[in-house]
Amino acid sequence: MLKMFLTSVLNLFRKPATHLYPFEPYEPFEDYRGRIVWNEEKCTFCMRCEMVCPPGAIKIMIMEDDTKRWLWNPAQCIYCGECVRNCPFGALTQENQYSPPLDKSNKRDWSEIEREAERLKLLWRERLRKKSQAKKSS
Amino acid sequence: MASESKNKTREIQIKEKVYTTIPFGSQHVALPEPIKFIFDTENEIVKEIKFDIAYVHRGIEKALTTMFDFRKAPYVVGRVCGICSAAHTIPCAVVMERAIGIDREIPDRAKAIRMIALEINRLQSHFLINGHLAEVCGYENVFMHIWRDREMIMDLADMLFGNRVQYDVVCVGGVNRDIPKDKERVLLDKLNEIEKSVEFMEKIFTKDRTLVSRLKGLGVVSKEMALEYGIVGPMARASGVKTDCRVEDDWGLYKDLGFEMVTMEEGDSLARCLVRVRECYESIRIIREAIKSTEEGEISIKVTANPKYEAVCRNEAPRGELFYYVKGTGGIMPDRVRIRTPTLANIPILPEVMKDVSYNDIPPLLMSFDPCIACTGR
Amino acid sequence: MKELPPEKGIRNFSVIETTLEKIREKIREIYDPKKVHYIGVDAYDDGNKMEIRYWFLKKESNVVLLVKAPFDYGEKVPSISDIVKPAFVQEWEIADLFGINIEGRVENFFLTPESPRAPLRRGDKLGK
């Protein structure tokens with residue numbers, strides 16, 4: 001009984017077990033698997049990251065004028081880091097920060113992007129085929 | 001004359017046995033996941049049980065044969081169940097390696113890290129279910145204590161593997177990240193703390209009058225019954241059946257590290273709970289041994305071939321035996337993947353055990369079974 | 001687990017092939033709760049034919065055992081749940097997943113009524 005009373009009195013002055021989040025900033029661990037960061041200068045658009053991504057959260061768009069875009073969906077990503085490990089040029093890195101919350105400013109229709117990327121890839125293959133044919137005939 | 005007919009109608013009523021039907025689930029406070037039971041009760045005693053698990057099928061077996069190649073498979077099956085994520089990824093990776101034919105070449109360090117991931121997974125799962133059991137018994141204080149200590153294990157996983165729930169550390173051919181020396185030291189320090197909280201948990205579940213009198217003698221599964229129904233995991237071990245896939249299958253280093261099986265004879269809810277508590281000690285010991293036995297070094301080998309054999313793997317998930325079968329055909333995707341989850345083996349005995357139990361004892365009884373419906377649905 | 005020499009593309013389990021008529025007798029012969037652990041039921045569909053598979057583990061020798069029997073689409077498959085008591089749950093599960101007509105099955109045990117019928121079936125598709 002006395003022990004119980006002591007514990008309850010001492011508990012009044014003990015630190016809470018939970019993290020008082022908005023007042024104390026929360027720091028993720030050093031090796032936390034957070035957002036993926038893309039370095040445009042190192043990237044050669046080899047499409048390896050797109051191939052190995054388990055959920056298909058990375059898409060590479062090849063525009064009709066042969067410029068290329070790298071797109072990443074933070075909501076679909078499972079943060080496994082497979083793309084980072086498989087990148088042969090070190091263009092992708094994983095930070096230990098959480099990815100930003102989705103709102104109107106950065107939310108995109110991902111299924112639309114997937115469809116568009118597929119369509120553009122077909123067009124690109126068609127262009128490549130025509131080019132090689134032209135080479136052969138000349 | 002009138003009294004005679006009255007007596008007759010009473011007799012008929014007694015013969016027909018009017019049961020009250022009580023639905024339990026698919027949404028219920030005692031259940032974190034959707035499973036539906038229909039109990040036919042006589043007063044408060046449950047007489048007949050029907051159940052329905054058709055709520056969470058996600059078609060993962062089909063997805064593994066049509067959408068994802070075998071290298072992505074461990075990441076996919078990690079999402080079968082949040083609580084036993086590592087327990088699913090490991091046998092999936094092992095069975096793919098066996099189907100390729102490279103399972104003998106996996107480095108020892110990778111095996112040790114896989115074992116550490118599995119044991120941390122088991123620790124947090126056992127903490128979770130024992131806390132939940134206390135809550136269902138109406139002992140919320142213990143629930144909060146155990147879940148506070150579980151946070152330590154979650155943080156440990158976060159520090160080692162980079163995420164609290166989905167470790168994603170296992171891949172086909174080894175593991176993704178090594179555990180450096182400084183983290184090993186933190187891990188060993190934390191394990192001492194966790195051991196203290198396991199001691200606290202054992203003290204509560206053996207000495208506390210409320211919990212012991214509530215759980216003792218509830219839902220007894222005898223050894224014969226356990227063998228007849230082929231139940232697995234801590235449930236079988238609580239009934240005295242010596243079965244543990246950690247020693248029966250050889251993907252890890254368990255045999256080299258001297259694994260000791262925890263068994264009890266009683267077979268009631270309290271014994272199931274105590275088997276889980278005592279397994280925590282064994283898990284902690286295995287993590288320590290696994291770290292000591294291997295040095296930092298090679299953690300994965302290069303996978304160049306596609307799965308072409310048929311192979312099986314049995315792994316001890318926190319809830320029991322987990323069975324994986326893969327049929328490879330030489331293509332990038334396997335032809336058939338079969339996942340037999342532990343709860344699927346433990347469900348058939350439920351109606352037998354729940355018969356003639358008071359209705360208010362059903363939630364703790366069900367929680368002591370540790371059902372994982374997300375696993376079952378897949 | 002005991003390693004067996006890989007033959008016919010099979011890595012680490014042994015296979016007993018029977019027919020649908022004899023499968024009950026075969027399992028009655030093999031199964032003894034004290035010596036054999038029942039693992040599960042599985043089915044396989046290669047597009048022309050189906051197969052029902054029962055997985056067991058011999059406890060003493062630690063060998064996984066597969067008893068399988070081929071059958072045609074629409075054929076009635078006998079249940080073994082009177083020999084192996086816990087088999088009924090997984091029998092109903094694969095009956096839902098493959099659209100197999102197993103004795104004593106309960107409809108919509110594993111899939112909801114709105115979901116696609118028999119998702120793992122390859123040939124002889126059932127309607128929605």
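Quick note: numbers below take in every heavy atom, side chains included, and nothing from hydrogens, waters or symmetry partners. Letters go in sequence order (proteins before strands), and every chain restarts at 1.
- Among all heavy-atom pairs drawn from C:Arg122 and B:Asp335, the shortest one is NH2-O, 2.9 Å.
- Ranked by heavy-atom pairs under 4.5 Å with chain B, the first of C:Arg53, C:Lys34, C:Lys85 is C:Lys85.
- Taking 4.5 Å as the heavy-atom cut-off, the residues of residues 86-97 of chain C that approach chain B are C:Pro86, C:Phe88, C:Val89, C:Gln90, C:Glu93, C:Ile94, C:Leu97, ordered by number.
- Only the side chain of B:Glu321 comes within contact range of chain C, with heavy atoms under 4.5 Å apart.
- Contacts between B:Tyr325 and chain C at a heavy-atom distance below 4.5 Å involve the side chain alone, from C-beta outward.
- Contact count versus chain B (heavy atoms, under 4.5 Å) is highest, among C:Tyr38, C:Phe110, C:Tyr44, for C:Phe110.
- By the 6.0 Å contact criterion, NZ on C:Lys76 is enclosed, its count of non-hydrogen atoms from other residues, nucleotides or ligands being greater than 12.
- The minimum heavy-atom distance linking C:Pro33 with B:Glu228 is given by the pair CB-CA, 4.0 Å.
- Counting heavy-atom pairs under 4.5 Å between each of B:Asp52, B:Thr243, B:Ile53 and chain C puts B:Ile53 at the top.
- Within the 4.5 angstrom heavy-atom criterion, atoms from both the backbone and the side chain of B:Tyr229 approach chain C.
- Counting heavy atoms of neighbouring residues, nucleotides and ligands inside a 6.0 Å radius, atom NZ of C:Lys68 exceeds 12 of them.
- In this structure, the separation between CZ on B:Arg314 and CH2 on C:Trp55 is 11.5 Å, given to the nearest 0.5 Å.
- Taking the side chain as every heavy atom from C-beta outward, B:Val232 and C:His37 approach each other to under 4.5 Å.
- Around CD of B:Glu105, the count of heavy atoms belonging to other residues, nucleotides or ligands within 6.0 Å exceeds 12.
- By the 6.0 Å contact criterion, NZ on C:Lys58 is open, its count of non-hydrogen atoms from other residues, nucleotides or ligands being 12 or less.
- Contact of the C:Asp46 side chain with the B:Lys327 side chain is not registered, since no non-hydrogen atoms from C-beta on lie closer than 4.5 Å.
- For C:Val84, no part lies under 4.5 angstrom from a heavy atom of chain B.
- Around CE of B:Met261, the count of heavy atoms belonging to other residues, nucleotides or ligands within 6.0 Å exceeds 12.
- Ranked by heavy-atom pairs under 4.5 Å with chain B, the list C:Leu120, C:Asp42, C:Asp45, C:Leu111 is led by C:Asp42.
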